[in-house]
Amino acid sequence: MLKLAVLVSGGGTNLQAIIDAIDSGSITNAGISVVISNNPNAYALERAKKHGITALCISPKQFESREAFNQAFLEQLNACQVDLVVLAGFLVVLPEQMIKEYRNRIINIHPSLIPSFCGKGFYGLKVHEAALARGVKLTGATVHFVDEGTDTGPIILQKAVEVAPDDTPETLQRRVMEQAEWVIMPKAIDLIANGKVSVTDGRVRIEEGRNSES
Ligand code: GAR
């Protein structure tokens with residue numbers, strides 16, 4: 001059974017999609033051990049508590065320096081003894097030490113088709129504002145492993161979503177969540193939990209079978 005830590009900063013709709021997929025059996029062999037937020041007001045914390053999942057808050061604001069936060073954060077995470085760390089809208093830059101210790105054991109959901117509209121400064125609504133400003137007709141979401149760069153790690157799954165002519169950043173964000181994020185994030189977790197994902201030379205291979213992309 002793969003033990004998950006889900007890291008959040010906001011509403012937690014991706015966390016909800018993971019909880020629902022575990023409840024419905026579309027994710028197998030995995031359970032959420034802990035939800036960690038940097039934001040004490042994140043609604044995601046309520047979602048966790050409602051489901052009886054341990055919910056913790058640890059914020060850089062509680063510490064005198066970034067180094068002190070990084071150390072405390074990593075100690076807290078290590079104490080949870082999880083197998084996979086899931087970034088579900090977590091907007092804090094991860095400590096480098098954590099990326100090293102959890103190589104290919106941290107995944108992130110990004111609301112665009114990487115390598116478009118990603119990297120430093122591209123998060124949340126800003127991604128959709130940029131997509132609309134460029135006039136793309138297709139956007140989507142990406143689940144990838146986390147490495148030292150911003151949105152540069154090995155890509156696990158992607159799903160495209162059409163942009164509508166009258167989209168606002170908010171309507172596009174919602175459609176990308178519904179049609180892509182809430183689908184591929186649970187799916188990636190299920191694939192990893194069932195041993196179907198491997199990384200070689202920075203590229204992901206997904207084993208064919210019950211859970212494979214069709
Ligand atoms: C999601 O759209 C996620 O893709 C995005 O933040 C939102 C969190 O929503 N993440 C990033 O932009 C990371 N670069 P949620 O709290 O409702 O899951």
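Order of appearance sets the numbers: ligands from 1, and atoms from 1 within every ligand.
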Mind checking whether Ile53 and Leu4 sit in one hydrophobic cluster, side chains of I, L, V, M, F, W, Y counted as touching below 4.5 Å?
yes
*Could you tell me whether His110 and ligand 1 have an N or O pair separated by under 3.5 Å?*
yes
Among non-hydrogen protein atoms, atom 12 (O) of ligand 1 lies closest to Gly124 N, 2.8 Å
For this session: Check the hydrophobic clustering (I, L, V, M, F, W, Y; side-chain heavy atoms under 4.5 Å; chains of links allowed) and say if Ile189 and Val197 are grouped together.
Result: yes
Query raised in the report: Does an N or O from Asn108, backbone or side chain, lie closer than 3.5 Å to an N or O of ligand 1?
Result: no
Going by the 4.0 angstrom heavy-atom rule, the piece of Phe90 near ligand 1 is neither
Enumerate, atom names and distances included, each donor-acceptor pair closer than 3.5 Å involving a side-chain atom of residues 120-127, sequence neighbours excluded.
none

Between the side chain of Thr171 and the main-chain N/O of Thr168, is any donor-acceptor distance below 3.5 Å?
yes
So for atom CD, which belongs to Glu162, do other residues, nucleotides or ligands contribute more than 12 heavy atoms lying within a distance under 6.0 Å? no
* Asked: Glu181 to ligand 1: N or O pair under 3.5 Å?
  -> yes
ring-ring contact (aromatic ring centres under 6.0 Å, His included) pairs touching residues 28-68, sequence neighbours excluded, are Phe63-Phe69
So the atoms of ligand 1 within less than 4.0 Å of a heavy atom of Phe122 turn out to be 14 (N)
Any nitrogen or oxygen of Val127, side chain or backbone, less than 3.5 Å from one on ligand 1? no
